[in-house]
Protein chains: 2
Amino acid sequence: MRFTKATNYALHTMLTLIAASPVTPVGVQQLAESQGVSPTYLSKILTRLVKAGMIESVSGANGGYRLSRKKDDITFLDIIQAIEGTASLFECDFVHGDECLIQDVMKEAEEKMESHLKKTKLADIAQKANVSLR
Amino acid sequence: MRFTKATNYALHTMLTLIAASPVTPVGVQQLAESQGVSPTYLSKILTRLVKAGMIESVSGANGGYRLSRKKDDITFLDIIQAIEGTASLFECDFVHGDECLIQDVMKEAEEKMESHLKKTKLADIAQKANVSLR
DNA sequence: CAATCAAGGACTTATTATATCTATAATATC
DNA sequence: GATATTATAGATATAATAAGTCCTTGATTG
Ligand code: SF4
Ligand code: SF4
């Protein structure tokens, strides 16, 4: 079990967008090039962020993507869940009674992780270091 | 990103072994049947637990698997790492300087989860409820 | 020795991740 | 209004990993 590369791309793109102008959109071409990934693929990933309401897209010439929310509202968890989904990391087909002690432990562990990802805002690290890719 | 089914099998098997006799081994046949998984596949999984030193195997007739450590030494994390490995959940090909703020956040989040899995012993829940499978 | 059991290698199948390609729709600029 | 630019979306392709099977070998019991 690993986080997907898509999550990695999403995080880096968001960092770039946070550092960029909140008005002038950045094209996927440019975003993709700096990460060494194909524009079409990155586009698919970013569309999920759009649907999650974190960024907005601008079609047409000079179009691209820009933030839709305030920087400070965006957490690591938001981005990760937009890409990876919100399903539990530990899935079990059966249901043994209302409560399962195994799942309880696993879920609680997961929540510890999510809690940290939720309280860490992307803007926190964006200002600390302007991450230069590649 | 999800935990694999192999981890699920490993956890359930360990719970069974903890509840079972520490001397008389339990055959993989029996362990597999109770979980609805093939014996050969489960065998592969259990071999990893053997190599991790948590259980020991007994070949030959009336053979099988039994605990090698004390119950109280075995944590969720032990089992999970024996199956899933210990690699970081968030991998990045590049190395941008000694420290990367993104990886710092992700690693710390991961450690929160691991910390909980490490402090929870399997024996804790084994005694609470004798999990009956299926 | 014969039956029983785990270990391990080679292989297959299923599922998911990681793309690519093409067509379509929206927008800006001229 | 025509053209270039750019995101969206569906279909498809490839790669990687998970999940499972099969068969052989070697250890142990009785
Ligand atoms: S005990 Fe819990 S984790 Fe195990 S099979 Fe039952 S519901 Fe699933
Ligand atoms: S900034 Fe960190 S996570 Fe991003 S590419 Fe560099 S090392 Fe990797």
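Chain letters run A, B, ... following the sequence lines, proteins first and then strands; every chain starts at 1. Note that these values count all heavy atoms, side chains included, but never hydrogens, waters or copies made by symmetry.
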Nucleotides 26-30 of chain D: which of its N/O atoms have a protein N/O under 3.5 Å away?
from, atom 1, to, atom 2, distance (Å)
D:dT28, O2, B:A61, N, 3.4

(message) I want to verify a distance call: between D:dG20, C:dA6, C:dA19, whose nearest atom is closest to the B:K5 side chain?
(response) D:dG20

(message) I want to check something: taking the side chain as every heavy atom from C-beta on, are A:P22 and A:L67 in contact at a cut-off of under 4.5 Å?
(response) no

(request) Take atom CD1 of B:I45 and atom C1' of D:dT21, then tell me their distance rounded to the nearest Å. (result) 13 Å

(message) What is the separation between atom CZ on A:F3 and atom P on D:dA16, rounded to the nearest whole Å?
(response) 22 Å

(request) Map A:A6 and B:V28 onto DNA chain C by nearest heavy atom, then report which one ends up closer to the 5' terminus. (result) B:V28

(message) In this structure, how many angstroms lie between the C1' atom of C:dT24 and the NZ atom of A:K44, rounded?
(response) 13 Å

(message) Just N and O in the side chain of B:T4: are any of them under 4.0 Å from OP1 or OP2 of D:dA18?
(response) no

(message) Would you say B:K51 places a side-chain N or O within less than 4.0 Å of OP1 or OP2 belonging to C:dG8?
(response) yes

(request) Look at the side-chain N and O atoms of B:S43 and state whether any lies under 4.0 Å from the OP1 or OP2 oxygen of C:dA6. (result) no

(request) Could you check if a side-chain atom of A:K119 sits within less than 4.5 angstrom of a side-chain atom of A:L77, using non-hydrogen atoms only? (result) no

(message) If I take atom CE from residue B:M14 and atom CD1 from residue B:I79, how far apart are they, to the nearest 0.5 angstrom?
(response) 4.5 Å

(request) List in chain and number order the residues that pass salt bridge (charged side-chain N to carboxylate O under 4.0 Å, His left out) with A:E56, two or more places apart in sequence or in another chain; answer none if no residue qualifies. (result) A:R66

(message) For C:dA17 and A:Y9 - does any side-chain N or O of the residue sit under 4.0 Å from the phosphate oxygens OP1/OP2?
(response) no

(request) Using whole Å, report how far CG of A:L89 lies from P of C:dT16. (result) 15 Å

(request) May I ask you to evaluate whether A:S57 reaches the phosphate of D:dT8, defined as a side-chain N or O under 4.0 Å from OP1 or OP2? (result) yes

(request) Might you confirm whether atom CD of A:Q29 has over 12 heavy atoms from other residues, nucleotides or ligands at distances under 6.0 Å? (result) no

(request) Find the distance B:M1:CE to C:dT18:P and express it as a whole number of Å. (result) 13 Å

What donor-acceptor contacts under 3.5 angstrom involve side-chain atoms of residues 40-54 of chain A, with partners at least two apart or in another chain?
from, atom 1, to, atom 2, distance (Å)
A:T40, OG1, A:S38, OG, 3.4
A:T47, OG1, A:S43, O, 2.8
A:R48, NH2, A:I83, O, 3.2

(message) Less than 4.0 angstrom between a side-chain N/O of A:Y41 and OP1 or OP2 of D:dT14, yes or no?
(response) no

(message) Test your reading of the model: is there a side-chain donor-acceptor pair from A:S88 to the backbone of A:E91, 3.5 Å cut-off?
(response) no

(message) Could you tell me how far apart B:R2 (CZ) and D:dA18 (P) are, to the nearest whole angstrom?
(response) 14 Å

(message) Rounding to an integer number of Å, can you tell me how far A:E91 CD sits from D:dA19 C1'?
(response) 17 Å

(message) Of the listed nucleotides (C:dT18, D:dC22, C:dT22), which one gets closest to any side-chain atom of A:T40?
(response) C:dT22

(request) Would you mind reading off the distance between A:I83 atom CD1 and C:dA17 atom P, rounded to a whole angstrom? (result) 12 Å

